[in-house]
Undergrad: 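First the structure, then my questions, so here it is.
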Amino acid sequence: MTAAPPPAAPLLTVEDLGVTFRVGRGLFRRPARLDAVAGVSFTIAAGETLGVVGESGCGKSTLGRAVLRLIRPSRGRVLWRGEDLAGLDAEAMRQRRRALQIVFQDPQGALDPRMTLGATIAEPLLTFAPELDAPARAAEVRAIMARVGLAPELINRYPHEISGGQAQRVGIARAIVTKPDLVVCDEPVSALDVSIQAQIINLLRDLQQSLGLALLFISHDLGVVRHVSHRVLVLYLGHPMELAPRDALFATPRHPYTRALISAVPLPDPARERRRARVLLTGDPPSPLAPQSGCVFRTRCPQATERCAAETPGVEEVAAGHWVACHYV
Amino acid sequence: MTPTTPPLLAVEGLSVTFDTPDGTVAAVQNIDLAVAPGECVGIVGESGSGKSQLVLAILGLLAANGRATGRVRFRGTELFGARRVQLARLRGRALSIVFQDPMTALNPYLTIGTQMTEGLGHHLGLTGAAARARAVEMLARVQIPDAAARLKSYPHELSGGMRQRVMIATALLCRPALVFADEPTTALDVTVQAQILALLADLRRTDQMGLVLITHDLGVIAGLADRVVVMYAGRIVEAAPAEALFAAPRHPYTRALLESLPRLDGPADRPLPAIPGQPPDLRHLPRGCAFRPRCPLAVDRCAAERPRLRPAGGPTRSTACHLDLDLDLDGDGGGDGAIGSEAAP
């Protein structure tokens with residue numbers, strides 16, 4: 001896996017995507033609007049991994065679901081191979097789902113406790129490969145299980161009989177059994193033990209390279225994102241802060257939020273960790289229900305000025321492929 | 001931390017078993033642990049390592065089906081076998097705990113102020129305005145803005161980071177000599193985590209507070225702990241000063257764990273040297289060393305005989321491994337290759 005994305009026409013193009021929820025609908029209260037995702041644009045090329053990082057409530061999971069149209073965006077466009085997904089009827093969209101899959105955070109919770117692992121992995125084939133008869137399906141399932149490192153004897157087991165790491169391998173097998181082009185991975189290793197995380201990260205990297213998969217890899221963990229991504233998008237309160245090639249983002253972060261985020265990650269090295277100069281942010285992210293004027297990060301930004309309150313910064317390209325939403329870069 | 005400082009806490013031969021429908025499960029086995037005033041001891045382990053049960057056992061807070069044996073002395077007072085009243089007097093005052101999940105540890109029906117001042121009246125006889133003043137002072141110390149107004153808030157009105165800071169402030173109200181913090185920042189975002197860790201470090205310095213920090217996050221341990229205890233399958237596999245442990249881990253598990261981290265300051269373009277296999281199942285532990293099925297260096301002896309925790313690499317370090325990893329570490333990562341071989345799930 002190299003830092004440079006493979007040069008190819010975009011598989012997925014997301015333009016000015018926004019998702020708004022109405023919350024707090026009460027008898028005498030007007031529903032409040034919550035912009036979970038606002039003004040997010042990016043592309044993903046075939047075989048490329050775009051990492052999406054941010055803290056809780058930054059809209060990264062909502063973004064992943066909106067891309068797959070599991071949530072209807074309120075603004076913007078999602079183009080799959082140049083075709084607007086919003087224009088498709090239910091049946092046409094269902095056919096596109098063969099190519100667009102998802103892996104969830106809670107591997108046990110994502111599996112049906114009453115289905116065998118083999119049946120779980122085979123289920124998408126009933127929809128997307130109806131021409132396969134039962135023996136052919138079983139052969140396909142065995143091949144996929146071997147591919148993701150699941151022992152063949154697990155085929156008739158149930159989810160409660162396996163560990164979290166194995167359950168996540170089942171989730172991945174189920175996602176790739178339809179031979180998708182893009183897989184959204186929503187915090188795929190967050191629920192796993194440290195020693196198992198590395199196994200699953202390696203598996204995803206390996207599958208991506210060998211199958212040419214594109215990944216939209218969502219995580220709060222910067223170390224994990226750095227190990228799988230070609231490019232990285234940083235979100236804060238639903239808004240894009242920075243989008244850059246991986247090495248540029250981690251070596252020369254330009255947005256004050258990205259810098260604070262990177263400097264807050266503790267390093268497993270006591271000598272360096274204790275000498276480090278931190279960009280300590282004060283306070284918590286403000287409530288998304290009470291949006292501020294101007295830049296969404298300004299209430300915690302160490303560099304904020306009056307201009308940041310008055311004027312929302314646009315997302316500008318400051319170097320090739322390096323986009324930043326800040327007045328002061 | 002000098003040998004002359006009497007320990008605040010001395011744990012000897014602590015074991016915990018649970019009666020389950022599947023039989024008796026040994027969750028913690030034969031743990032020795034000492035914490036000096038102002039010292040931070042980090043306990044690292046994955047699920048099933050026994051790190052949380054160890055702390056609950058020390059504080060007498062095990063579930064009803066749990067049994068603890070061994071000795072636990074706090075400032076020379078034996079805690080096991082102490083009368084409930086005596087234990088209750090210590091807990092919350094000299095001994096305190098910060099739980100991982102502030103949403104379930106705080107009572108949703110009571111205001112922050114009620115919950116914070118309750119213990120002050122009980123332990124210190126502080127009530128009314130004096131108790132509220134102490135609560136406000138402590139909330140300000142954990143950087144809760146507008147602390148006086150916050151006393152009237154209910155837990156659901158605060159963000160996760162604020163709730164966790166309230167938990168920490170509550171744990172510190174009676175100026176405890178020793179605090180147990182079980183994954184105190186795991187539920188928090190990294191930017192808020194950094195604030196909390198800075199606060200804990202500050203309190204150790206200013207109040208000579210002892211701290212037992214339980215976490216799976218080796219980065220958090222690296223920032224705070226003086227000494228580190230690594231647990232696997234209910235036992236200590238390695239104990240060492242933090243700098244020495246991170247610089248030259250002696251146990252294959254510690255080394256493998258450090259190698260497998262997707263760290264921000266390491267190479268990003270190679271596969272991670274993952275630890276193969278699954279975390280141990282306490283109901284079906286292998287004979288010999290519990291880490292053997294996942295250990296790249298295991299030899300025949302590891303299956304036959306469980307390694308005892310023994311001194312290795314100086315008087316302040318110990319490890320439970322038949323092999324001496326010392327030699328491997330002299331090379332420039334040659335030893336890492338052995339552990340870092342590709343994962344075979």
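Labels below follow one simple rule: chain letters A, B, ... track the order of the sequence lines, proteins then strands, and each chain is numbered from 1. Below, all heavy atoms of this structure are taken into account, side chains as well, without hydrogens, waters or symmetry copies.
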Undergrad: Which pair of heavy atoms, one from A:Arg278 and one from B:Ala194, lies closest together, and at what distance?
TA: CD-CB, 4.2 Å
Undergrad: Just by modelled atom types, is the B:Gly277 backbone N or O under 3.5 Å from a matching donor or acceptor in the A:Gln199 side chain?
TA: yes
Undergrad: Which one of A:His220, A:Gln197, A:Arg272 has the most heavy-atom pairs closer than 4.5 Å to chain B?
TA: A:Arg272
Undergrad: Select one option (side chain, backbone, both, neither) describing which atoms of A:Leu261 are under 4.5 Å from chain B's heavy atoms.
TA: both
Undergrad: Check whether any side-chain heavy atom of B:Gln193 lies under 4.5 Å from a side-chain heavy atom of A:Pro266, and answer yes or no.
TA: yes
Undergrad: If you tally heavy-atom pairs under 4.5 Å against chain A, which of B:Gly223, B:Ser260, B:Ala242, B:Pro279 wins?
TA: B:Gly223
Undergrad: Tell me, for A:Arg226 versus chain B, whether the close heavy atoms (under 4.5 Å) come from the side chain, the backbone, both or neither.
TA: both
Undergrad: Any heavy-atom pair between the side chains of A:Asp193 and B:His216 that's under 4.5 Å?
TA: no
Undergrad: How long is the straight-line distance from CG of A:Leu267 back to CG of B:Leu218, given to the nearest 0.5 Å?
TA: 12.0 Å
Undergrad: With only heavy atoms counted, which part of B:Ile221 is less than 4.5 Å from chain A, the side chain, the backbone, both or neither?
TA: backbone
Undergrad: Mind checking whether A:Asp206 and B:Pro271 have side chains closer than 4.5 Å, heavy atoms only?
TA: no
Undergrad: What's the spacing between B:Gln278 CD and A:Ser195 OG if we round to 0.5 Å?
TA: 8.0 Å
Undergrad: Using a cut-off of under 4.5 Å on heavy-atom pairs, state which of A:Ala264, A:Ala260, A:Pro268 scores highest against chain B.
TA: A:Pro268
Undergrad: Verify, without hydrogens or angle tests, whether A:Asn202 (side chain) and B:Leu272 (backbone) share a donor-acceptor contact under 3.5 angstrom.
TA: yes
Undergrad: Hey, mind stepping through A:Arg300 and B:Thr191 against side chain to side chain contact (heavy atoms under 4.5 Å, CB included) and telling me if it holds?
TA: CA-CA 11 Å; A:Arg300 297 174 82 200; B:Thr191 57; 3.1 Å; yes
Undergrad: Just so I understand: if I count every heavy-atom pair under 4.5 Å between each of A:Leu222, A:Ile196, A:Leu203 and chain B, which residue has the most?
TA: A:Ile196
Undergrad: Using non-hydrogen atoms and a 4.5 Å limit, figure out which bit of A:Leu281 sits close to chain B: side chain, backbone, both or neither.
TA: both
Undergrad: Side chain, backbone, both or neither: which part of A:Glu273 has an atom under 4.5 Å from a heavy atom of chain B?
TA: side chain
Undergrad: At a 4.5 Å cut-off on heavy atoms, which part of B:Leu224 comes close to chain A: side chain, backbone, both, or neither?
TA: backbone
Undergrad: Taking A:Pro270's backbone N and O only, do any of them form a donor-acceptor pair with B:Glu243's side chain (distance below 3.5 Å, no angle check)?
TA: no
Undergrad: Measure B:Arg270 against the heavy atoms of chain A and call it side chain, backbone, both or neither at under 4.5 Å.
TA: backbone
Undergrad: Please determine, among B:Leu261, B:Asp189, B:Asp265, the option with the most heavy-atom pairs under 4.5 Å with chain A.
TA: B:Asp189
Undergrad: For A:Ile262, is it the side chain, the backbone, both or neither that has a heavy atom under 4.5 Å from a heavy atom of chain B?
TA: both
Undergrad: Under a 4.5 Å heavy-atom cut-off, does chain B meet the side chain of A:Arg276, its backbone, both or neither?
TA: neither
Undergrad: Can you find a heavy atom in the side chain of B:Arg263 that is under 4.5 Å from one in the side chain of A:Val265?
TA: no
Undergrad: With a 4.5 Å cut-off on heavy-atom pairs, point out which of B:Leu264, B:Leu188, B:Val190 contacts chain A the most.
TA: B:Leu264
Undergrad: Would you mind telling me which of A:Ala271, A:Ser56, A:Gly165, A:Gly54 has the largest number of heavy-atom pairs within less than 4.5 Å of chain B?
TA: A:Ser56
Undergrad: When heavy-atom pairs shorter than 4.5 Å are enumerated against chain A, which of B:Ala201, B:Ser47, B:Gly266, B:Ala222 gives the highest number?
TA: B:Ala222
Undergrad: Thinking salt bridges, do B:Asp269 and A:Arg205 make one under a 4.0 Å N-O criterion?
TA: no
